[in-house]
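Notes for the one structure printed next.
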Amino acid sequence: MTDKLAPLEQLKVNSNYLRGTIQEGLDNPLTGAISEQDNLLLKFHGSYQQDNRDLRDERRKQKLEPAHSFMVRARLPGGVITPEQWLIFDQIATDYAEFGLRITTRQTFQWHGVLKRNLKKLMQGINRAHATTIAACGDVNRQVVSVSNPLLSKHHAAVLDWAQKISDYFLPATNAYAEIWLDDKKVDELTSKTPSLEPTEVEPIYGQRYLPRKFKIGLTIPPTNDVDVFAQDMGFIAIVENDELIGFNLTIGGGMGCTHGDDTTYARLGSVVGFVGLDDVMAAAEAVITLQRDHGNRAERRYARFKYTVDQYGVDWFKEQIESRAGITLHAPKAWQFDTNGDRFGWVEGENGQWHLGLRIDSGRLMDRPGSPLLTGMREIAKMHKGHFRLTCNQNLIIADVAPEDRAAIDALVEAYRLDGYKAQSGIWRNTIACVSLPTCALGMAESERYAPIILPKLNQLLEKYDLLDQDIVFRISGCPNGCARPYMAEISLVGRAPGRYDLRLGGDRLGERLNTVYKTNIAEEEILSSLDALFARFATERLENEHFGDFLIRTEAIAAPTQRQIPIVLELV
């Protein structure tokens, strides 16, 4: 049977539960790389092999191998970090990585530019901080995201607890991570350099082949949708009644990635399949993941995401199967209401009297630049902060759980180290997300993170011309159609096609409940700006009171109505 498996599926089976020959590749001093097969397995350990694409041509001319390095991603459920952890993460970024710390759209940290000889040291540093990178990438349930500030109320804290439980429950069981990175005793006492292909353990949920593709889970609590819950493979919308968390509305089948020129691939918003009480949450979650394990497409990876499985079998079929596998009843969804999918900046008081300071971090990048010593500033704050830090899915940061008497000291450091940039930024700047893309991402087709500070001042000029600088407009840039920046849900987005050329997409909303649509394809900056100039001019004179840009475009038919690969139950409930 195994000879009929697709190559990557066969690789997973043959990997001896994610061991492969990763250790041998790390030990090879003759190259800065590991093999292509081991790189595929390395993803399950939370790392990708990359190279600096800015240097490719010059190194090729010099007959040198590419400038290989590794990206490492932590698994931090809900994005919660203690000051002690922060200082360790900062230190290993300084010692072993380039480009500082980066907050991702999955509410965690990435380290970039890690050389192979430093990879194990960095992994062990993360372990010293009582964190891990296992299953932060790969064909498994990855980083579980949660409402960004669990200290605003007891309900926020309860939702974070559920995120941690779900994350722990779906961790891979293999001991390969501990063996390779933490010098644990090998389970099977191998003496050969080639790992045995006989299984030495079992994966009770995933099996030898794990999932067909990556799987993402998010939890949120209305009225805030800062995790973009409908972009998740599986989402949980917290329901509070009589001041008690009673359960969650369950969503399935969200996902962002697609392929240019292939209409059989698409972004999809999650469908609401019902309400689950707290006693049924884990059973429902396991049923969903094992249904994808058993029925997801393993022959063609571009159709292997859960959204395609949901559309193949249908939402009604999935609802029946979830109930059957979990032994539960999915009740009718409870009503909810979102008011934003953005972050709040400045000070906010929690119900316990403690304070939380939201900071804007452009593209999530915390590093020291001339006149902008952000990494050093956060290091100094971590040294004196008594509470916690919270990362957000919009690449921002919250200094959480601050006593009233400590606010002045925090404010002084924030100002001294230029961490208060949000105060002077326009509405569109504060609501921008950009993926990494070039030069390190192998999938990047156009600039993203490096383009954001170039295009945003030009957008500001247009908005200022029409007195729109204060308008909160969701703007996202993705260097390729895989959609790490969730561009298909933005009011305005750019999706890279080639260097300097993008699809301009318009018409998402500020609630995370509507996909946008393609307005113009494969255009350069001049046409991007001229197109938006004309639309901003109309928005300035024709908008209704309190109407947002994406909603205006739909109401006035300035763009074609978005088509959605979803059952729009969410739109019927609110």
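Quick caveat: nothing in here was measured; it's all calculated off a predicted structure. Index from 1, following the sequence.
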Fill in: Counterpart residues, salt bridge (Lys or Arg N to Asp or Glu O under 4.0 Å), relative to Glu320 (two or more places apart)
none
Worksheet item: Residues two or more places apart in sequence or in another chain: which of them pass salt bridge (Lys or Arg N to Asp or Glu O under 4.0 Å) with Asp401?
Response: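 Checked Asp401 against salt bridge (Lys or Arg N to Asp or Glu O under 4.0 Å); zero matches.
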Could you tell me which residues satisfy ring-ring contact (aromatic ring centres under 6.0 Å, His included) with [X], sequence neighbours excluded, listed by chain and number?
X	value
Phe215	Phe306
Tyr519	none
Phe549	Phe536, Phe539
His356	none

Worksheet entry | Which residues share a side chain to side chain contact (heavy atoms under 4.5 Å, CB included) with Lys214, sequence neighbours left out | Arg142, Lys216, Arg305
Worksheet item: Who passes side chain to side chain contact (heavy atoms under 4.5 Å, CB included) against Asp279, sequence neighbours left out?
Response: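 For Asp279 there are no side chain to side chain contact (heavy atoms under 4.5 Å, CB included) partners, ignoring immediate neighbours.
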Fill in: Ser478 side-chain N/O to Pro487 backbone N/O, donor-acceptor pair under 3.5 Å
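It does not hold such a pair.
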Worksheet item: side chain to side chain donor-acceptor pair (under 3.5 Å) with Glu542: which residues, sequence neighbours excluded?
Response: Arg538
Item to complete: State whether Asp139 and Lys43 are salt-bridged, where the test is any N-O pair (Lys NZ or Arg NE/NH1/NH2 against Asp/Glu carboxylate O) under 4.0 Å.
Response: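 Result for this pair is no, no salt bridge flagged.
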Fill in: All pairs passing salt bridge (charged side-chain N to carboxylate O under 4.0 Å, His left out) where residues 474-496 contributes a residue, at least two apart
Asp228-Arg476, Asp228-Arg486
Discussion item. Suppose the criterion is salt bridge (charged side-chain N to carboxylate O under 4.0 Å, His left out): which pairs have a residue in residues 156-174, not counting sequence neighbours?
Written reply: none
List, one per line, each side-chain donor-acceptor pair under 3.5 Å for residues 286-293, sequence neighbours excluded.
unit_1 : atom_1 : unit_2 : atom_2 : d
Glu286 : OE1    : Tyr169 : OH     : 2.5
Thr290 : OG1    : Glu286 : O      : 2.8
Thr290 : OG1    : Ala287 : O      : 3.2
Thr290 : OG1    : Arg325 : NH1    : 3.1
Gln292 : OE1    : Thr309 : OG1    : 2.7
Gln292 : NE2    : Ala304 : O      : 2.8
Arg293 : NH1    : Ile205 : O      : 2.5

